[in-house]
Amino acid sequence: MSNFVEELRWRGMLHDAMPGTEEQLAKEMTSAYVGIDPTADSLHIGHLVSIMMLRHFQNAGHRPLALIGGATGMIGDPSGKSKERNLLDEESLRHNQESIKAQLALFLDFDSEAPNAAKLVNNYDWMKDFSFLDFIRDIGKHITVNYMMAKDSVKKRLSGEGEGMSFTEFTYQLVQGFDFLHLYREYDCKLQMGGSDQWGNITTGTELIRRKESGEAFALTCPLITKADGGKFGKTEEGNVWLSAKYTSPYKFYQFWKTTSDADAERYIKIFTLLEKEEIDSLISRHQEAAHQRELQTKLAEEVTRMVHGQEALENAIKASEILFGKSTEEDLRSLDAETLMDVFQGVPQFELSNDKLEGGLEIISFLAEETSIFPSKGEARKMVQGNGVSINKSKVDLNKQINKADLIAGKLILAQKGKRNYFLINVV
RNA sequence: GGGGAGAUACUCAAGCGGCCAACGAGGACAGACUGUAAAUCUGUUGGUAUACACCUUCGCAGGUUCGAAUCCUGCUCUCCCCA
């Protein structure tokens with residue numbers, strides 16, 4: 001068994017741990033869990049930190065449990081400023097659970113015969129038949145409201161001008177605490193991990209275990225991932241960056257990591273890749289000498305994309321990126337055949353355009369906003385073209401531009417570009 | 001049950017009868033500079049339109065007025081305080 005806590009520490013993934021946690025892990029193979037909200041049928045990269053924690057945990061010889069928060073997800077954690085959630089029906093809950101499990105299997109070993117094989121559980125399974133009366137009698141009795149009110153997540157919502165807090169949300173920490181107790185009983189789970197905002201919820205669990213079972217359980221949290229510029233991690237204009245190719249194409253996924261800022265890249269590569277310390281250290285020192293090489297971002301993007309989407313998807317993403325961001329010109333574009341282009345650009349948004357629209361030329365504005373929805377309105381398209389922000393086949397265009405057959409690449413494709421990074425492939429049929 | 005405050009564009013937040021498509025800030029997008037970075041500077045940020053202009057928008061529904069985000073009435077929702 002290797003030292004899990006030490007591993008997290010050098011990776012910058014350790015925010016806080018209860019005293020005795022390290023000793024417990026050194027003593028014996030231990031089970032730990034993190035909770036995941038099944039609000040969608042895919043994980044997004046905000047989940048990735050927790051998952052990497054579990055991965056390291058399993059690597060260290062311990063046993064990871066992933067808890068799907070079917071029950072708690074219905075309530076909504078008052079930590080942060082999240083509002084009340086909508087309830088999920090059981091059918092979509094199960095669907096989400098299955099999809100998420102498949103994704104987790106990319107990181108964790110669920111199947112092996114090893115004693116530390118990962119396990120997926122869903123708190124809906126033990127909460128659904130737990131009656132309110134039973135719950136308040138068996139669980140509620142052991143925790144005082146005073147204790148619950150002292151939690152930051154609760155205090156924040158009770159004070160100030162906020163939206164207030166429903167009783168349902170207030171009970172969240174108790175329900176989560178009971179999860180921990182349940183896992184402690186069923187799986188001898190002695191550790192709960194999560195983001196630092198979960199500390200209060202986790203300690204309610206350890207407290208419950210102490211009072212109900214006279215047991216000792218532990219908490220370990222990682223820092224919340226931030227961006228150097230203060231923005232939210234993992235969000236782009238289009239929303240979350242998902243692990244599922246259905247929602248975020250491998251190309252987009254790769255690009256997300258590749259455009260990480262210098263200030264963030266050093267932290268991220270430690271957290272989101274499994275690279276060893278020496279390799280990361282040398283990458284970082286090389287990056288500091290020659291930041292413009294972007295070696296760090298490239299490596300980060302490669303590692304994470306490979307882990308999530310596999311080698312082949314990674315290679316396509318790289319190929320697409322080279323064509324789009326390399327020094328390639330209209331000439332290079334034209335040298336490619338339609339097959340290659342279609343293949344490489346799988347991840348960029350695509351539109352279809354009928355061939356006869358091009359007869360006699362098509363106004364650029366109409367092309368951008370009517371025939372395709374690259375822009376939502378003609379006004380916006382016009383402004384952007386006037387602002388020198390639109391390229392067709394890598395060449396800037398102005399308002400006089402007419403799209404016609406001469407613009408077709410390989411006889412059937414047009415590559416439109418909004419700004420530097422947003423590409424669209426138009427398939428003329 | 002009683003009293004008070006409020007609902008404005010992606011978010012926060014001005015405006016309190018015409019000069020309001022609506023100050024400002026943030027965010028987002030784009031341009032310049034760069035390294036597909038950061039910082040900085042510039043532009044854009046309801047729709048149609050080259051433009052004049054027109055249309056739709058300030059919780060919902062009505063009303064007053066030449067004219068309403070702004071005044072009146074009713075409704076819905078939110079928050080706070082007291083019981």
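Everything numeric here is computed off the predicted structure, so don't read it as measured data. The chains referred to below are lettered A, B, ... by the order of the sequence lines, with proteins before strands, and numbering in each begins at 1. All values below come from the heavy atoms of this structure, side chains included, with hydrogens, waters and symmetry mates left out.
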Q. Counting distance only, does the side-chain N/O of A/Lys405 pair as donor-acceptor with the main-chain N or O of A/Gly411 below 3.5 Å?
A. no
- No-H, no-angle donor-acceptor pair, A/Gln255 side chain to B/rU36 base, under 3.5 Å: yes
Verify the ring-centre separation between A/Phe253 and A/His309: is it less than 6.0 angstrom? yes
Checking B/rC29, B/rU36, B/rU44 against the side chain of A/Ser321 (C-beta onward), the nearest is B/rU36
Practice prompt. Check whether any side-chain N or O of A/Asn404 sits under 3.5 Å from a backbone N or O of A/Leu358 as a donor-acceptor pair, and report yes or no.
Written response: no
Q) Between A/Phe272 and A/Phe233, what is the ring plane arrangement, given parallel below 30°, perpendicular above 60°, and tilted in between? A) parallel
- Would you indicate, yes or no, if B/rA30 has its OP1 or OP2 atom less than 4.0 angstrom from a side-chain nitrogen or oxygen of A/Asn422? yes
Taking B/rU36, B/rU48, B/rG31 as options, the one with an atom nearest any side-chain atom of A/Ser377 is B/rU48
Which of B/rA49, B/rG31, B/rG47 is nearest the side chain of A/Arg382? It is B/rA49
Out of B/rG35, B/rA38, B/rA30, minimum distance to the side chain of A/Asp262 belongs to B/rG35
Considering only heavy side-chain atoms of A/Arg421, the closest of B/rG31, B/rU36, B/rA37 is B/rA37
### Query
Given B/rA49, is OP1 or OP2 found less than 4.0 Å from the side-chain N or O atoms of A/Lys378?
yes
